[in-house]
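Small disclaimer: the values here were computed from a predicted structure and weren't measured. Numbering of residues begins at 1 and proceeds along the displayed sequence. Note that ligands are numbered from 1 as they come in the structure, with each ligand's atoms numbered from 1 the same way.
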Amino acid sequence: MNLILFGPPAAGKGTQAKRLVETRGMVQLSTGDMLRAAIAEGSELGLKVKAVLDRGDLVTDEIVIALIEARLPEAEAAGGAIFDGFPRTVAQAEALDAMLAGRGARIDSVLRLKVDEEALKARITKRFEEQGRADDNPEVFVTRLDAYNRQTAPLLPYYQAQGKLEELDGMGSVEQVSREIDTALEGVTA
Ligand code: AMP
């Protein structure tokens with residue numbers, strides 16, 4: 001099964017993806033984690049993208065599409081991927097559909113975690129205090145939310161038109177959201 005966890009930054013995608021890795025043995029493909037790892041390693045890619053992440057803007061489609069493509073065989077071997085933070089633009093979604101089709105696979109479900117902006121801001125303030133991730137600071141977070149609203153939210157009609165979009169309430173506790181996801185996945189035939 002190939003699943004997209006969809007939502008704005010701090011909606012809980014990473015937390016839920018990690019749980020699904022544990023409970024279902026799927027592979028989490030988080031482009032944000034991959035980019036942060038590249039920055040931490042000081043690789044050529046890391047040096048190229050650091051300023052973009054620090055500003056809260058999106059890196060180019062080419063970069064993230066290549067990162068995902070390189071990991072698809074591993075996800076396929078594990079029985080499926082949880083895409084977390086990818087795709088974030090319509091071009092990325094189209095590329096993902098094409099890459100999966102080329103492998104005889106597809107996206108089976110897109111689970112949208114709906115969280116209102118005030119709650120997101122409260123979560124991010126807490127995460128910034130606890131983890132100190134530079135792009136969680138309040139000013140950069142405004143840019144990240146803006147990128148979501150302008151570039152990523154247009155994916156909702158894209159997946160709606162494919163009949164794959166399922167809207168979930170992301171405002172509850174981690175356990176409540178986990179239960180909603182499990183219930184939604186019961187209805188998905190991969
Ligand atoms: P995340 O951890 O998913 O919030 O991603 C952190 C940052 O990495 C984002 O603010 C972007 O700068 C970059 N990034 C992650 N995924 C993507 C993507 N699919 N497309 C473009 N930029 C991305």
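Side chain of Arg144 to main chain of Asp135: a donor-acceptor pair is present (N/O by atom type, distance under 3.5 Å, no hydrogens or angles). Using a distance-only test at 3.5 Å, with no hydrogens or angles considered, a donor-acceptor pair links the side chain of Gln176 to the main chain of Ser173. Looking only at distances, a side-chain donor or acceptor of Gln92 sits under 3.5 Å from a matching main-chain atom of Arg88. Lys13 places a side-chain N or O within 3.5 Å of a backbone atom of Pro8 that can act as its donor or acceptor partner. Asn2 places a side-chain N or O within 3.5 Å of a backbone atom of Arg106 that can act as its donor or acceptor partner.
In terms of N/O distances under 3.5 Å, ligand 1 is approached by Arg144. Every N/O-N/O distance between Asp33 and ligand 1 stays at or above 3.5 Å.
Met26 and Ile181 fall within the same hydrophobic cluster, where Ile, Leu, Val, Met, Phe, Trp and Tyr residues are linked whenever their side-chain heavy atoms come under 4.5 Å apart, directly or through other members. In terms of hydrophobic clustering, with Ile, Leu, Val, Met, Phe, Trp and Tyr side chains grouped at heavy-atom distances under 4.5 Å, Leu165 and Leu155 are assigned to a common cluster.
Of the protein's heavy atoms, Asp57 O, 3.4 Å lies nearest to atom 11 (C) of ligand 1. Nearest to atom 16 (N) of ligand 1 among the protein's heavy atoms is Thr31 OG1, 2.8 Å. The protein atom (non-hydrogen) at minimum distance from atom 14 (N) of ligand 1 is Leu35 CD1, 3.5 Å. Of the protein's heavy atoms, Val59 N, 3.1 Å lies nearest to atom 22 (N) of ligand 1. If you check which protein heavy atom lies closest to atom 6 (C) of ligand 1, you get Arg36 NH1, 3.5 Å.
The distance from ligand 1 to the heavy atoms of Arg133 drops below 4.0 Å at these ligand atoms: 1 (P), 2 (O), 4 (O), 6 (C). Each of the following atoms of ligand 1 lies closer than 4.0 Å to a heavy atom of Gln92: 18 (C), 19 (N), 20 (N), 21 (C). The ligand atoms of ligand 1 that sit less than 4.0 angstrom from a heavy atom of Leu58 are 21 (C), 22 (N). Numbered from 1 in the order shown, with element, the atoms of ligand 1 that lie under 4.0 Å from a heavy atom of Gly85 read 16 (N), 17 (C), 18 (C), 19 (N).
Taking each of Arg88, Lys50, Lys13 in turn, the one with a heavy atom nearest to atom 4 (O) of ligand 1 proves to be Arg88.
Within the structure, side-chain hydrogen bond (donor to acceptor under 3.5 Å, both in side chains) pairs that include any residue of residues 34-45 comprise Asp33-Arg36 (at least two apart or interchain).
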